[in-house]
Structures are given as C-alpha cells and as structure tokens.
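Each chain gets a letter, A, B and so on, in the order the sequences are listed, and its residues count up from 1. Just so we're clear, the structure is a prediction, and the values are computed from it rather than from any experiment.
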Number of protein chains: 2
Amino acid sequence: MTTATNPRALPHPAREEIRLEAVLHALADPVRLLIVRTLAAADVELNCSAIELPVTKSTSTHHFRVLRESGVIRQTYQGTAKMTALRHDDLDALFPGLLPTVLTAAGHQSARDTVRG
Amino acid sequence: MTTATNPRALPHPAREEIRLEAVLHALADPVRLLIVRTLAAADVELNCSAIELPVTKSTSTHHFRVLRESGVIRQTYQGTAKMTALRHDDLDALFPGLLPTVLTAAGHQSARDTVRG
DNA sequence: TTCGTAGTTTGACGGATGTCGTAGTACGGT
DNA sequence: ACCGTACTACGACATCCGTCAAACTACGAA
C-alpha cells in the first residue's frame, strides 16, 4: 500500500436512513430488479461479474451504486472482487415483507411473460 | 352534447398489461404515494380534489395519470368530478400482497418520521 | 345563455436517469 | 516490476421526470 489505510470504502446508508421511496425507485428498473432477483436466488454473497447483465460494465456499476445507495444491497471488497448481498435484515426490519413480496411478484410476472411469449 | 358520444374516456391498462416495474415506479414518488395512501385509508372512491396535495393542479393531473396508466388506480367521470379508486383486485391478483405491504411500509416510515422530527 | 367549478392540455424548464466509451485505479499473480 | 483482471470515474448524450403557468374544455347551476 502507498497511502490509504482503508483503501476502498463504500458508502452505505444506515438502517434508519433507508427511504421507502428510494427502495421502490431502485427496484423499479428492469436491470436492477434482475440483479436483486439473482441475488435472492443465489442466497449468498455474489461477485458483481457473476451476474450477467445486458448492459456494459460502466452501466452495471451505475446500477449497483443505485441499489447500494438506496439501501437494497451491501457491497464489500474482497481483493479485486466486489461482493454483493441483499440487506435482508435491514429491509425486513424497516418494511416487513416488502422484499419477499416484490420478489414473488417479479417471479410471477416473469412466469407469465415466459408463457405468453 | 355536440359531437362526442362517449365524451371523456380514460385509457386504463388491462389487468394482463400491468407491469411490476411500472407499478413500483408509480409508487416511488412521494406525491403519488400520498395519493395511494389516502385512497387506501378512505376505502371508497374519492374525488380528485378530495385529496390535498402540495402541488398545483396540473401536476396533480400528471401524477394521477401516471398512477392510472401504470394500473394502480381506476378513474371514472361522474359529472365534472373524477372519481378515483385503487385497483385492489387486479393488483392483488397479479402481485399478491404487494399493495398492502407497501402501504404498511409507508405507514411505518411515516410513523418513524413523525417521532424523529 | 352565462357563469363558475373541476380538471386537462400544452409548452417550457431544470434536474435526474440510463446508456455508452474511454481512461484510470486497485489488487493478485507471475 | 510487470501484466491482466475487475471494477470505477468521468464526460457525453438522449431521454424522461416533476414542476409550473397559462390557456382550454366539460359539466352543472343560476
């Protein structure tokens, strides 16, 4: 290391700072909803690049940041990789059942879309 | 009447056309969330002007349209008044529990905000 | 028919958003 | 020390969003 003591810290909102409007806005984008669904399905921390997205890497970075700054995900560095996890505890404490309900709704819609072309 | 047979028809999406992303986006705005909460609390069809909003009338019209076009509310004319109701049935059929969960979350957040200034 | 009330439409404007490409930074391995 | 991988930062761009004011339309009442 050269100068930094805590090389790459990522700003996260504290639990009390998480706003419902921001969470809903974060989940309202198809790419971000895909990220969240993938994280929920994996049920473990995931590397950013483990989630295939139909956008470039800079756009991915943008979406991950929106999710992080709204309080939906938590991100930490592990070497060059950046691990991402859903903030299930905080979200469930603030907005009980919201995330599971949205995930179920997304699953239903996805199933309907698949059936009807 | 002069020419029109069905004077003022308002376009609503059919149940199958309602998209989760659009619903979440509609709910992600503070003014619109206030509208939805007020409708849910009233539990009956409401006149537009019965909901006091911190914006001008043209902005209100805009927000009501976003809610209607996303499938969250249904609007019908009754004379000069425009009645508005939540599309509880359709939303619950498509995304079970989503609307109640969001409303509960909004209530919790509002209570927290009130307590902590 | 005239007026007032209720809501719409249009145009404008500033700010946010989603997207990309290019250049840059941080870390691990050779 | 060097290189490659992984992700970030910045700038650009088109679009969308929330807001307003002003002009307009529709209906009911006097």
Q.
Determine whether a donor-acceptor pair (N or O, by modelled atom type, separation under 3.5 Å) exists between the side chain of B:His108 and the backbone of A:Phe95.
A.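 A pair under 3.5 Å: no.
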**Q.** Under 3.5 Å donor-acceptor, A:Thr104 side chain and A:Pro100 backbone
**A.**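 A pair under 3.5 Å: yes.
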Measure from [atom1] on [X] to [atom2] on [N] and round the result to the nearest Å.
| X | N | atom1 | atom2 | value |
| --- | --- | --- | --- | --- |
| A:Glu21 | D:dC17 | CD | C1' | 16 Å |
| A:Tyr77 | C:dG28 | OH | C1' | 15 Å |
| B:Leu10 | C:dA6 | CG | P | 18 Å |
| B:Arg65 | C:dT10 | CZ | C1' | 10 Å |
| A:Leu67 | D:dC7 | CG | P | 15 Å |
| A:Gln78 | C:dA26 | CD | C1' | 15 Å |
| B:Met83 | C:dA6 | CE | C1' | 13 Å |
| B:Asn47 | D:dG28 | CG | P | 14 Å |

Q: Using side chain to side chain contact (heavy atoms under 4.5 Å, CB included) as the criterion, point out the one residue from B:Leu91, B:Val66, B:Thr84 that pairs with B:Ile73.
A: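 Of all the options given, the one that passes is B:Thr84.
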Q) Salt bridge check: are B:Asp113 and A:Arg19 linked by an N-O gap of less than 4.0 Å? A)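 A salt bridge links B:Asp113 with A:Arg19.
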Q. Just wondering, do A:Val23 and A:Leu99 contact through their side chains at under 4.5 Å, heavy atoms?
A.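 They are not in side-chain contact.
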Q: Report, as a single string ordered 5' to 3', how protein heavy atoms within less than 4.0 Å touch nucleotides 17-24 of chain C: B base, S sugar-phosphate only, - not at all.
A: SSBBBB--
Q) Which atom pair, heavy atoms only, marks the closest approach of B:Ala85 to B:Glu45? A)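 Heavy-atom minimum between the residues: CB-CG, 3.6 Å.
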